[in-house]
Every structure is written in structure tokens, then in C-alpha cells.
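Data block below; observations after.
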Amino acid sequence: MGLTGHLTSLISDAHKDRLQRVAERTFEQHLNLAVTGLSGSGKTVFITALVHHLLQLDQDNSLPLLEAAAEKRLLGCRPIDAPGTRPFPFKGNLAALSASEPHWPRSTRDLSQIRLAIRYRRSTSIKRLLGEWGTVYLNIIDYPGEWLLDLPMLQQDFLSWSQQQTNLLQASPRVEAAAQWLKANRAIDWHAPANLAQLNQLGLEFRDLLQSFREPPHALSMLQPGHLLLSEASSPEQDLLLFPLTAEVSNETGTPEGSALAEMTRRYRSYCERWVRPFYTEHFSRFDRQIILTDCLKTLNQGEACFDDMQLALNTILSSFHYGKNSLFRRLFSPRIDRVLFAATKADHVTANQHANLDRFLELMVHDARKEMRFESVQTRCMALASVRSTQAAQARKDGQLLSCLKGYRKETGEPVALFPGEIPTELPRAEDWHQDRFRFIDFAPRALPRSGLKPEHHIRLDQALEYLTGDLFR
Ligand SMILES: Nc1nc2c(ncn2[C@@H]2O[C@H](COP(=O)(O)OP(=O)(O)OP(=O)(O)O)[C@@H](O)[C@H]2O)c(=O)[nH]1
Ligand SMILES: [Mg+2]
């Protein structure tokens, strides 16, 4: 008999009960699970679907690869208040996805949270001490991946950031789209007294530019400042109207007081202190586990520039997870994320025989950053998934051969479509591999999520993702 066994045999039942309650509270498990990804990667849909499946745990077994669910050790799940935080709009999102004419939820801009209490039966010997039943408090946080792109700004100053941005702006496709703005930017006399109206106007135009870069046909990802990109106010506050200096300026004159250069240097510092740093100290440093969602198919559709930019953005985002002793991060905050899942979303846009290729493709995209994280003992995994499976498998015969196809409804028009979506490459495409129309994955309208009677076929690998991110808590 182990130590816990001796202890429990020595105390009366009443004491045992009280001790178990105290121990349960002491050993209550709280987990902050952060969900991020660039705009449109599928964060809102992922959280809505995940919460919906969890809330139905006691009725449906729609998450068979979540070990505790398969072993029938999950008693139930309920939402609990998360005071002081912006609530994740679960009910509205579910209403959209389960309507008789279902539609995808609206795009979101800010951090929001939803908290769940999940009651489970313990499987390990610890249950002798703590009692058979335990509760996991799961706090799921939705926040824009664009915020993570800003982290390196804390290590730069206005001029070095400007240099880096100028390099991006001078390359195609940015340089063509930004021609007018670059001309106006070069006309600024950086050492003359700041003309605030001119700087603010250029700031607004820079935001428009960033927003247009994000949309097709560019579909770029490496866009800073993230908070300016995501701001929708018609007149954002002045310190948010930050843009790079793109001309050569001489160092000899320094930074005259009241000059345009002084004003933008001030805005840069203010941006870092008011928007970038607080996110890391108030939120990021409290996250325990992280899932990073990526729309790999979009990058394949849009071509080489979009793909390269996404890879750069992903690697920049991943610098937030390099906790090495001397990392910027370790010096500024004390992060505690120990497990990161990279997920390629919308796996229902390809046929089931392509899921392994999609896993592999994502692995290749984040290969270098991941190696570094492993070295720093953060566990990582790559996985393709679909939060709301919106297509069905079908077969078609072409030239005497059976082809795996998909059936669904087009996102834009709602019309039914059956197609052969094509294959995911298992190597990163080389320059010559990018020819028009090689990849044409289409977007689908959602297939209605039932309010009850959820089944494993309503998602792809949502349960495997959850097992990886939380499975150890339910032992
Ligand atoms: N077929 C399919 N499409 C999906 C799935 N998840 C997301 N999508 C598509 O991706 C779009 C964006 O999903 P969201 O969950 O709103 O993405 P987000 O990351 O929250 O985007 P922002 O709020 O703009 O940051 C949806 O409108 C759908 O078109 C999925 O599981 N299957
Ligand atoms: Mg969203």
C-alpha cells in the first residue's frame, strides 16, 4: 500500500470527505488555452465548435479520440462566468452555425474568453487521495495572431523598424500597390516641425494600405502594426497612426525636438508600451497551452508571394514561443506555455486521403521555428483539422479511374458543387512549381451544426487536438 493508501485507511469517513473537498480545491485544475491565428484562419469557428461539442459531452460521444471521453469518464461540462473579461459570443456564433440556413460567424477583432467547468472521473491512483471526481476549469481565449507579429517591435526602435518595413514595401507586390503612398511618405521633411495633419493622414492611408494587402489578390500576412491593421475606428487615436519612414534621413541632424521624426519616434514608443507590451504582461504570460491556426490552403491558392509572406509571418509569430534563457521574451516576461499545437484548418476543403499531406505541409512550413521550440522544451505538434466539417466525400469516374471528390455548397453563392479539389504537395513548392491554377481550393458554406445529436463526422480531428492540448488534465 502506498503512502496515500496508508493515509486514507487511518482517517474516518467524515474526515476523509472533508479532506477530499479541501484537496480537490487545492488541486483544482485551471488551464488557460489560447487560440490564435491570422485573420480568417478559423479561430472563432474552432472555439464555437469545440465548446459546442464539450457542452454536449453527457449526451453525445462526438469526441471519441479524447481519451477520457472514450473511457466514459467525462460527466459533463457547463459554462461558468468569467468576470472582468470580454465574453466570447458563443451563443450568437452557434445560432449562426446551426440555423436552418447556416452561415459562418462574423470576423472578430479583439481578445475574448469563455470559461468551462468539466467534471470528470479520475483514472489514476491519485483518486484515492483526492476522490474519484475532479473538475477541470478550462478558460479558452480567442485573440488575433496579428498581435504576435508585433513582438519584435519591442526589441527595435523607430528607425530600425522603419528599415525593415521599407525592405518589405520595396518588394513586389507591395511596391506596386503602395506607389502613391510611398511617394507621399518620401515627401515628408522628417527634420522640419511635425505637420500633425499630414502625419495623421498618412497614418490613415497606411492602415488602408495594410488592410488592402491583407485581402486578395495579395492576401499578405506579415503586416505591422497589428493593432493599427485591426482598428476600424474612422479616426483612431493619434498614437495608433504609426507608419514607417521610408526615405534615407541623415543622422547628422539628430532628432530635432518637435520634428516629424521626433513625433513618430514618440508614437512608436507609445505603441510598444500601450499596445504591444500590455498584451504580453496581462495575457500572454498567463497562457498555459496554445493552438495556432493556419489557413495553408489559402496560401497555396494565392501563389508564391502570399506563401512566402505567410511563412515569414508564421516564423515571426513563433518567435513569441522561443523562451531560451537569453530570449527577448524571457527577459521581458515569464511565459509558461509548455505545449503548442499548429493546426492547418479547413481540412474539409480537401479529400480525406490528403489530410496526411496537409499535416506534412504544415510541418514543412514551420519546420525551423519548431526545431527551436523543441530545443527549448516546448512540446509541439502539427495537425490538419476541420472544426465544422462542411463537405462530404464522393467519388467520380474519370478516364476509367475512380477519383476521390468532395460535395458541398459554395460559400459565396450557396450553390451545390462537386469537385476534385486537388492534392497537397509534400514538399514546399519551388519557384517553378507556382504556375497559375495549380491549386484551386474553394471555400464552402457551413453544413448546419445540429443543436444535439452531434457525431464525430461533424468535425475532423477536433478530438485529437483537444486530447493533445488538455488530455493530461483528465488522468
Ligand atoms: N469549410 C470550413 N471552413 C471553415 C472552417 N473554419 C473556418 N472556416 C472558414 O474560414 C472563415 C473564417 O473563420 P473564422 O473562425 O471567422 O476565422 P477567425 O480566425 O476567427 O477570423 P477573424 O475573426 O477575422 O480573425 C469562415 O468564414 C469560413 O469560411 C471549417 O472548419 N471548415
Ligand atoms: Mg474571429
Side-chain angles (χ1 to χ4, degrees), residues 34-53 62 86-90 92-94 96-99 102-114 140-149 210-211 214-216 219 221 223 226-227 229-232 291-299 301 310 313-314 317 343-352 354-355 358 383-393 406-414 417 419 421 441-449 454 456-465:
V35 179
T36 200
L38 296 174
S39 175
S41 55
K43 305 179 285 293
T44 302
V45 175
F46 173 80
I47 297 176
T48 306
L50 189 68
V51 170
H52 186 40
H53 283 273
S62 61
R86 180 193 292 261
F88 177 82
F90 170 70
N93 294 341
L94 182 61
L97 289 170
S98 57
H103 51 276
W104 298 111
R106 286 157 52 117
S107 172
T108 45
R109 290 279 162 274
D110 221 321
L111 182 144
S112 65
Q113 308 190 34
I114 182 163
I140 307 177
I141 305 118
D142 175 2
Y143 72 96
E146 283 79 359
W147 293 358
L148 296 180
L149 285 177
L210 291 177
Q211 290 175 347
R214 194 175 49 169
E215 302 303 322
S221 308
L223 305 171
H227 291 265
L229 168 71
L230 297 181
S231 90
E232 281 166 338
I291 173 165
I292 303 176
L293 306 180
T294 308
D295 185 349
C296 290
L297 302 173
K298 176 182 89 174
T299 65
N301 269 351
M310 166 81 92
L314 268 181
I317 284 178
T345 48
K346 312 176 195 179
D348 56 333
H349 286 193
V350 296
T351 48
Q354 293 300 306
H355 293 162
L358 194 51
M383 186 188 290
L385 57 81
S387 315
V388 175
R389 186 182 204 148
S390 300
T391 59
Q392 282 176 301
L406 291 178
K407 281 193 310 190
Y409 295 89
R410 275 186 191 276
K411 180 176 177 178
E412 301 79 24
T413 60
V417 58
L419 58 101
F441 301 105
I442 70 160
D443 287 340
F444 291 93
R447 187 161 54 132
L449 256 189
L454 285 170
E457 64 251 32
H458 287 116
H459 64 84
I460 298 171
R461 295 173 167 176
L462 214 45
D463 45 0
Q464 290 185 45

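Atoms within a ligand are numbered from 1 in the order they appear, just like the ligands themselves.
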[X] near ligand 1 by a heavy-atom separation under 4.0 Å:
X      : answer
Gly40  : yes
Val388 : yes
Ile47  : no
Asp348 : yes
Ser41  : yes

Report yes if some N/O of [X] lies less than 3.5 Å from some N/O of ligand 1; otherwise report no.
X      : answer
Phe444 : no
Lys346 : yes
Ala386 : no

Contact partition for [X] relative to ligand 1, non-hydrogen atoms under 4.0 Å:
X      : result
His459 : neither
Lys411 : side chain
Thr108 : both

Proximal ligand 1 atoms for [X], defined as those under 4.0 Å from one of its heavy atoms:
X      : answer
Ser107 : 22 (P), 23 (O), 24 (O)
Lys43  : 15 (O), 17 (O), 18 (P), 19 (O), 20 (O), 21 (O), 22 (P), 25 (O)
Ser387 : 31 (O)
His349 : 1 (N), 2 (C), 3 (N)
Leu38  : 19 (O)

* To the nearest 0.5 Å, how far apart are CZ in Phe46 and CG in Leu293? ->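 Answer for the CZ-CG pair, Phe46 versus Leu293, is 6.0 Å.
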
* To do: Report the distance from atom CG of Leu449 to atom OG of Ser62, rounding to the nearest 0.5 Å.
  =>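 With rounding to 0.5 Å, CG (Leu449) is 9.5 Å from OG (Ser62).
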
* Angle class for the His459/His53 ring planes (parallel below 30°, perpendicular above 60°, tilted otherwise)? -> perpendicular

* Protein N, O or S atoms lying under 2.8 Å from the Mg ion (ligand 2), listed by chain and number ->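 Listed by chain and number: Thr44 OG1, Thr108 OG1.
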
